[in-house]
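Reading through the structure tokens given below for one structure.
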Amino acid sequence: MRELNSGLFSLIWVLLSYLLAQTVLTLPAGRIADMVGRKKLYVGGFALFTVVSLLAGFANNAAELIAARAIMGAAGAFMMANSSVIVTDAFPRNELGQALGINMTLAAAGSTLGVVVGGIMTSISWQWVFWFNVPLGVIGTLWAAINLREIIELEKEQRLDVAGNVAFFVGLVGLLVALTLGGIEGWGMPLVLGGFLVAAVFLPAFLGVELKVKAPMLDLSLFKSRVFAFGNISAFMNSIARFGVTFIFVFFFIGVRGYDHLMAGILLTPLAGAMLFASPISGWLADGMSTRVISTLGMLVTAAGLIGMGTLIGVYTPYWEIALLMVIVGVGSGMFNSPNTRAIMTSVRPNQRGVASGARTMLTNAGGVLSIALAVSIITSALPVDEMFKIFSGTVSQGLSVQEAAPFISGFHTALFVGAAASLLGTFFSAARGQNE
């Protein structure tokens with residue numbers, strides 16, 4: 001934000017552009033994978049992500065960085081849409097929960113290390129956050145190209161749903177622009193009102209298109225299965241509950257507490273670290289127990305952790321209390337994700353797994369972008385403009401006093417309570433989905 005001389009809205013969209021592109025393209029990526037093969041799309045996505053990571057470090061302004069991040073999000077969609085499908089194709093049903101748990105454990109391990117490494121790289125220069133990806137991307141691309149195999153026979157004569165993709169993209173962009181800009185500039189701005197109007201028109205239009213086209217982007221017939229439908233809704237709610245937590249804690253540690261980037265990264269590790277340990281255990285349990293019970297308990301644990309955060313955390317709260325609450329939220333998310341993914345992926349036929357995985361990932365990411373946009377709009381609506389920029393640009397060196405931080409803490413608590421409410425609503429859907437074992 002400081003080095004590229006950009007505003008808060010641009011800063012937020014450096015993050016949201018990646019998630020938005022990944023969200024919009026995940027379903028088409030799942031469809032394309034069913035058409036051309038999981039391996040081709042996964043390897044291609046890895047290669048594209050690597051190349052654009054290199055280019056992102058050379059961005060001269062916020063617009064160029066946002067564009068690079070959007071392309072990285074597209075590449076990420078090609079990988080995300082196929083990761084759980086490749087695992088599901090490769091393992092028998094009685095080992096699938098453990099296999100998906102290991103897959104998500106490694107993702108959580110990468111998230112844990114990435115936060116710390118990101119802090120180190122940012123302390124050198126922001127460009128190295130992207131350039132650090134390049135050698136890892138080269139290794140990952142080559143490894144995937146050499147080792148992955150196509151297991152499921154592909155269906156012929158499948159088509160892409162262009163109209164559905166466009167309607168979904170336009171509607172979601174309108175909603176996100178309205179949410180993020182409204183909190184910063186005011187809810188009565190024409191662009192904010194226009195964004196909500198666009199969302200109100202195009203998102204329902206998307207559903208209408210999907211009901212009519214022969215090869216829909218989102219096969220709504222899959223939602224006739226209560227396991228698939230309620231499993232995806234609870235995944236959406238889980239994302240709304242937890243995605244914004246890491247984002248707002250970054251600004252709590254850097255803006256309110258006055259820590260540097262590296263220390264903020266280290267202080268965030270309990271959240272992803274707890275997921276790292278909980279995911280394989282819950283996946284292993286899901287192979288012999290009810291996935292519904294484990295997932296539902298996970299949602300309840302997440303809600304409890306978020307309520308604790310919204311109730312107990314203040315400017316001078318001891319870090320051990322914050323870390324404990326992070327662990328609770330991380331354990332809850334880890335308990336939920338592996339069993340819920342297993343239930344979703346085994347509720348469809350093998351030749352529908354690409355679309356099913358795309359739907360699950362799309363709804364998870366959609367919950368994530370809404371979570372971050374809601375958290376930003378809630379917090380920025382509560383802050384005076386000068387304090388907002390001080391916190392979000394990381395120019396606080398000694399931390400804020402209780403009085404100075406009060407508006408941020410108020411919005412911080414509200415955002416956490418919104419996440420807890422989403423988790424409790426997801427608990428209902430998780431418990432009501434039925435069994436597919």
Side-chain angles (χ1 to χ4, degrees), residues 1-4 6-19 65 69 108 110-126 128-130 132 180 183-184 239-275 305-306 309-310 313-315 317 319 322-323 325-327 329-330 333 368-369 371-380 382-383 387-400 405 407-416 418-419:
M1 184 175 180
R2 294 192 302 271
E3 293 190 28
L4 295 179
S6 64
L8 178 59
F9 185 70
S10 296
L11 172 69
I12 293 168
W13 274 87
V14 169
L15 177 63
L16 288 184
S17 60
Y18 177 90
L19 292 172
L65 186 57
R69 289 282 290 162
S111 298
T112 305
L113 292 173
V115 171
V116 178
V117 172
I120 297 172
M121 295 298 105
T122 305
S123 65
I124 300 171
S125 76
W126 67 264
W128 278 102
V129 174
F130 299 101
F132 182 82
T180 53
I184 298 170
S239 291
I240 290 179
R242 66 182 175 84
F243 259 74
V245 174
T246 300
F247 181 75
I248 57 180
F249 263 108
V250 167
F251 296 108
F252 173 78
F253 287 133
I254 294 177
V256 175
R257 290 288 181 94
Y259 294 119
D260 61 21
H261 305 88
L262 175 58
M263 182 55 67
I266 294 172
L267 296 178
L268 283 165
T269 55
L271 186 64
M275 289 183 64
L306 291 170
M309 287 177 175
I313 293 179
V315 176
T317 302
Y319 175 69
I322 299 173
L325 291 167
M326 284 185 177
V327 167
V329 172
S333 295
V369 294
S371 177
I372 292 169
L374 282 170
V376 168
S377 66
I378 290 169
I379 291 174
T380 54
L383 286 171
E387 189 170 316
M388 174 177 68
F389 279 96
K390 185 190 299 183
I391 290 175
F392 279 84
S393 63
T395 57
V396 180
S397 58
Q398 301 297 324
L400 300 176
F408 179 90
I409 295 296
S410 175
F412 179 69
H413 287 169
T414 301
L416 290 166
V418 169

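- Shown here for Leu267 and Tyr319, the closest heavy-atom pair between the two residues is O-OH, 2.6 Å.
- Taking both residues in full, the closest heavy atoms of Ala241 and Gly419 are given as CB-O, 3.2 Å, listed atom of the first, atom of the second, then distance.
- The closest donor-acceptor contact from the side chain of His413 to the backbone of Ile313 lies under 3.5 Å.
- Residues Phe412 and Ile378 are not in side-chain contact: their nearest non-hydrogen atoms beyond the backbone lie 4.5 Å or more apart.
- For the pair Val315 and Ala405, the tightest heavy-atom approach, listed with the atom from each and the gap, is CG2-CB, 3.5 Å.
- Going from atom CG of Leu65 over to atom OG of Ser17 covers 7.5 Å, rounded to the nearest 0.5 Å.
- Between Leu268 and Met326, some side-chain heavy-atom pair lies under the 4.5 Å cut-off.
- The backbone N or O of Gly368 lies less than 3.5 Å from no partner atom in the side chain of Ser239, so there is not a single donor-acceptor pair.
- The minimum heavy-atom distance between Tyr259 and Ala264, with the atom names listed, is CB-N, 4.4 Å.
- In this structure, Val245 and Met309 have side chains that are in contact, with non-hydrogen atoms separated by less than 4.5 Å.
- Between atom CG of residue Leu416 and atom CD1 of residue Ile409 there is a gap of 9.5 Å, rounded to the nearest 0.5 Å.
- Judged by distance alone, the side chain of Arg69 and the main-chain N or O of Val14 form a donor-acceptor pair under 3.5 Å.
- Side-chain contact between Ile124 and Phe132: absent, with no pair of heavy atoms (C-beta onward) separated by less than 4.5 Å.
- Rounding to the nearest 0.5 angstrom, the gap separating the CG atom in Leu19 from the CD1 atom in Ile372 is 5.0 Å.
- The two residues Thr317 and Gly314 make their nearest non-hydrogen contact at OG1-N, 2.6 Å.
- Taking CD1 of Ile254 as the reference point, atom OG1 of Thr122 lies at 8.0 Å (rounded to 0.5 Å).
- Closest approach of Ile248 and Ala415 over heavy atoms only: CD1-CB, 4.2 Å.
- Residues Leu271 and Phe249 form no side-chain contact, since every pair of their non-hydrogen atoms from C-beta on lies 4.5 Å or further apart.
- Using a distance-only test at 3.5 Å, with no hydrogens or angles considered, no donor-acceptor pair links the side chain of Ser333 to the main chain of Gly330.
- Annotation: side chain of Ile379 is in contact with side chain of Phe408 (closest heavy-atom distance under 4.5 Å).
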